[in-house]
Amino acid sequence: MTTIVRKRLWSPQSFWFSEARWSGFLKTTAFAVRVCLSVGLALLVAFVVQLDSPMSTVTTVVIVAHPMVGALVSKSLWRVLGTVFGAGLSVAIMGCFVQSAWLYFVALALIVGLACMTASLLRLYRAYAAVLTGYTIIIVAFSSFSHPESVFMSAMMRLSDVVIGVVSTAVIFLATSPRRSQPVHRALNDAFLAVLEHAKSFHSSLTALSVADGSDFRTLPVALYDSRQAVLKKITALTPLLEYAASDNPEIKDHLSSYKMAVNQMAGVIAGYHPHWSNLHQPHTRFYEIHAYATRMLKNVIDGIRNPSWRNDPESILKTLDQGIQSLEIFEAEEMLTAASLASVHNVKNLLLALRRIIEELTEKKNRVPMRVSPYLEWPTALRNGARGILITLLATFIWYVTAWPNGPMMMMYVIAASSLLSTVPSASKASMAMAIGTVLSIPATWIYHVYVLPLISGYCLLWLSLSFFLLPGIWLQFHPKYSIGAFGYAVFFAIQSLVTNEMVYDDIALTNTWMAIICGAVLLVLVFRVFLPPNHESDANAIMRSLRRSVNLLATSSSHHLPFAEQWQGDQIQKLSRLALKLSFLSQKDRARDVLDRAFSLVSLGKLILELRQNAENPFEKKAVRMFLQDAIIRRQEITYEAFGNRTLSSGIEQIQFILKNLQEI
């Protein structure tokens, strides 16, 4: 009896309350162990080859380590490239402006600002090359301000530190991390299920509406708004996951284009669900019947997708969808349908066609031809981060120049490195406080380590174990969304402040100066990012909305020869939607945020309808008439009745376009 009670008390389920939490604990533990092993290997190699700054290899390990091996490989590659480029620039500007401190400071500030701006524009770990270019310059120059002639050797030493850290981390993670496709397939499956559940909830809520509801435009149940945000976030996270997995997994690489297209189609399904559907519960006679049928179809598809082996035999699900599409085509052919009823049928049929394409892409045996989607360049944020990089560099160099503080270069190194790293996060202003707090927390940890631990170290093994113990909080919390930036700052700058060298020299004055430089740098970071150049998320959101409007207007006015493919255009706009949702999440007025996001989703649906109308026109007269209608209705906002078009598909599309235009405040 006692044994049974003890087992229950210490079982994973009783201790962590859920299997998912226990699984997350095991994954984090495995990651932390790998990082500590990488730290040990990098430190050992640094001591063997007699590097002047062995802790730089530890810093590299902490920065490049990632649970996904593909992300680690990508991050490491771009880190090495950025270090090489930054080291070259450091030698160049030191050689050009060695006789003029202020010209050197201005050149440094401009390069750091350009690096911050580029890091904000690029995606994934390509941005990391720009980050490294920015702060490698000051790291290389840090030890060469007193002796400029040594800058080349400093650059070579920095490159050696980075290469040893990168290679050590790659060796440990590649040796201990199996290449498995199941996590990627599971993530794709979960996202697809989330899309299906959101669509079913939408149709169920429309089915439950009564005639007396009289719901206004841009009014949905709050649960549907929350669901839409959660699903869009989950879909957005799939793109980097696929990119990283493809870099070291041949199976994922062979199907990367197909999987990306499936993700694009999932986002397109979510983009189609917004309150413009409220025009279809005015109500027409077939409204409830159509949406009840859509709910039943989605339930059948969800039941099929929940089967773990559905990817091996998707034919039954495809057959269900084909039957639904055929039924809707028969329903669509009825002569008595009103334009609103026809629009309802048309929307549900497009939904089933999109679901069929998603399933085909997820189960495709051969890779498709890659579809080019241009990255969305968010210039307002990039220019703001570039200005922050210039300003904080000039302020730090000015303080050092005026005070002649011996540890001024350490403050410069901190603010430039932190500014460059913050340029890659969604909200650099919000993250700057977390980065500063994490960095400051590393100071008491460094003090305890230097005073009570380091003097007792008598060998390499004890040094490695003690460093791993103090780095563990930063490693453990690095991938926790709430504490990740602060934990990252703690781990990186604890390693920098540790000052472990091949021949240990204990200098309390130098250590105190280093702490003061870090504290001053943290204060300067928060001032620049939150006070001097604060964020303007509402302005950024308005800029994205203007970009969406321009894209829709261009579809209405372009010639038929210059129209983009529907999937390509949709992929371009989905990037804007995800960035817009992120910007709006920082606003305090949630009702206004939902209203703006509804308008954005309506604009994307409007663009898809425009492309569909122009592609479905069957003869030159229809093509010209459709283009005239779109130019008049969208550019000059003049109403043209859809009865002028004989094509019933065009009529239903124009019905929806007129409703969206009537409820959008401006185009």
Side-chain angles (χ1 to χ4, degrees), residues 38 42 51 53 55-66 71-94 107-144 151-152 154-170 240 244 247 382 385-386 388-390 392-393 396 409-410 412-425 428 431 435 439 478 485 488-489 491-493 495-496 521 525:
S38 302
L51 289 182
S53 54
M55 287 305 296
S56 294
T57 63
V58 176
T59 306
T60 299
V61 170
V62 174
I63 291 175
V64 302
H66 197 283
L72 186 150
V73 171
S74 175
K75 199 174 184 180
S76 300
L77 174 63
W78 290 106
R79 180 175 177 82
V80 172
L81 291 176
T83 301
V84 171
F85 194 54
L89 279 176
S90 183
V91 174
I93 65 171
M94 181 69 79
L108 177 64
L110 291 175
I111 292 175
V112 170
L114 183 61
C116 291
M117 185 181 71
T118 306
S120 301
L121 292 175
L122 297 178
R123 294 290 179 267
L124 306 177
Y125 286 123
R126 298 177 186 89
Y128 207 60
V131 170
L132 263 296
T133 299
Y135 73 75
T136 295
I137 297 173
I138 190 63
I139 292 175
V140 169
F142 175 72
S143 59
S144 304
V151 66
F152 181 77
S154 178
M156 293 299 100
M157 191 63 67
R158 174 61 184 169
L159 185 58
S160 301
D161 294 337
V162 169
V163 170
I164 289 174
V166 163
V167 172
S168 300
T169 311
Y244 298 150
S247 63
N385 284 333
R388 287 165 171 167
I390 293 173
I392 203 168
T393 304
M410 174 61 77
M412 292 166 54
M413 185 181 71
Y414 172 75
V415 297
I416 292 174
S419 301
S420 302
L421 290 165
L422 289 175
S423 298
T424 62
V425 301
M435 173 73 83
T439 304
Q478 194 170 341
I485 297 296
F488 180 80
V492 169
F493 292 102
I496 290 174
L525 187 74

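Thr136 places none of its side-chain heavy atoms less than 4.5 Å from the side chain of Val162. No side-chain heavy atom of Leu77 sits under 4.5 Å from any side-chain heavy atom of Val73. You'll find the side chain of Ser419 reaches within 4.5 Å of the side chain of Leu525, heavy atoms only. Residues Cys116 and Val112 are in side-chain contact: their nearest non-hydrogen atoms beyond the backbone lie under 4.5 Å apart. Put simply, the side chain of Tyr244 does not reach to within 4.5 Å of the side chain of Leu72, judged on heavy atoms. Met413 is listed as a side-chain neighbour of Ile496, based on a closest heavy-atom distance under 4.5 Å.
Residues satisfying the ring-ring contact (aromatic ring centres under 6.0 Å, His included) criterion with Tyr414, sequence neighbours excluded, are Phe493. Applying the side chain to side chain contact (heavy atoms under 4.5 Å, CB included) test to Ser168 and every residue at least two apart in sequence or in another chain returns Leu41, Ala42, Ile164. Residues satisfying the side chain to side chain contact (heavy atoms under 4.5 Å, CB included) criterion with Ser90, sequence neighbours excluded, are Ile137, Val140, Ala141, Val151. In this structure Tyr135 satisfies the side-chain hydrogen bond (donor to acceptor under 3.5 Å, both in side chains) test together with Arg79, sequence neighbours excluded. For Ser74, the side-chain hydrogen bond (donor to acceptor under 3.5 Å, both in side chains) criterion is met by no residue, not counting sequence neighbours. Partners of Ser160 by side chain to side chain contact (heavy atoms under 4.5 Å, CB included), not counting sequence neighbours, listed by chain and number: Leu51. Residues passing the side chain to side chain contact (heavy atoms under 4.5 Å, CB included) test with Ala382 are Met117, Ser120, Leu121, sequence neighbours excluded.
Interatomic distance, OG1 of Thr118 versus CD1 of Ile111, reported as 11.5 Å (0.5 Å rounding). Expressed to the nearest 0.5 Å, how far CD1 of Ile138 lies from CE of Met410 amounts to 10.5 Å. To the nearest 0.5 Å, atoms CG (Leu422) and CE (Met435) are separated by 4.5 Å. Taken from CG in Leu122 to OG1 in Thr424, the straight-line distance is 10.5 Å, to the nearest 0.5 Å. Here Leu108 contributes atom CG and Ile390 contributes atom CD1; the two are 11.0 Å apart, rounded to the nearest 0.5 Å.
The two residues Ala431 and Val425 come nearest to each other via the heavy atoms CB-CG2, 3.8 Å. Taking all atoms of both residues into account, the shortest heavy-atom contact from Gly134 to Ile416 is O-CG2, 3.8 Å. The minimum heavy-atom distance between Val91 and Ala155, with the atom names listed, is CG2-CB, 4.0 Å. Minimum heavy-atom separation, Lys75 to Ala65: NZ-O, 4.3 Å. Of all heavy-atom pairs between Val61 and Ser38, the closest is CG1-CB, 3.6 Å. Across every non-hydrogen atom of Val131 and Ser420, the tightest pair is CG2-O, 3.3 Å.
Between the side chains of Thr60 and Asp161, no donor-acceptor pair of N or O atoms lies under 3.5 Å.
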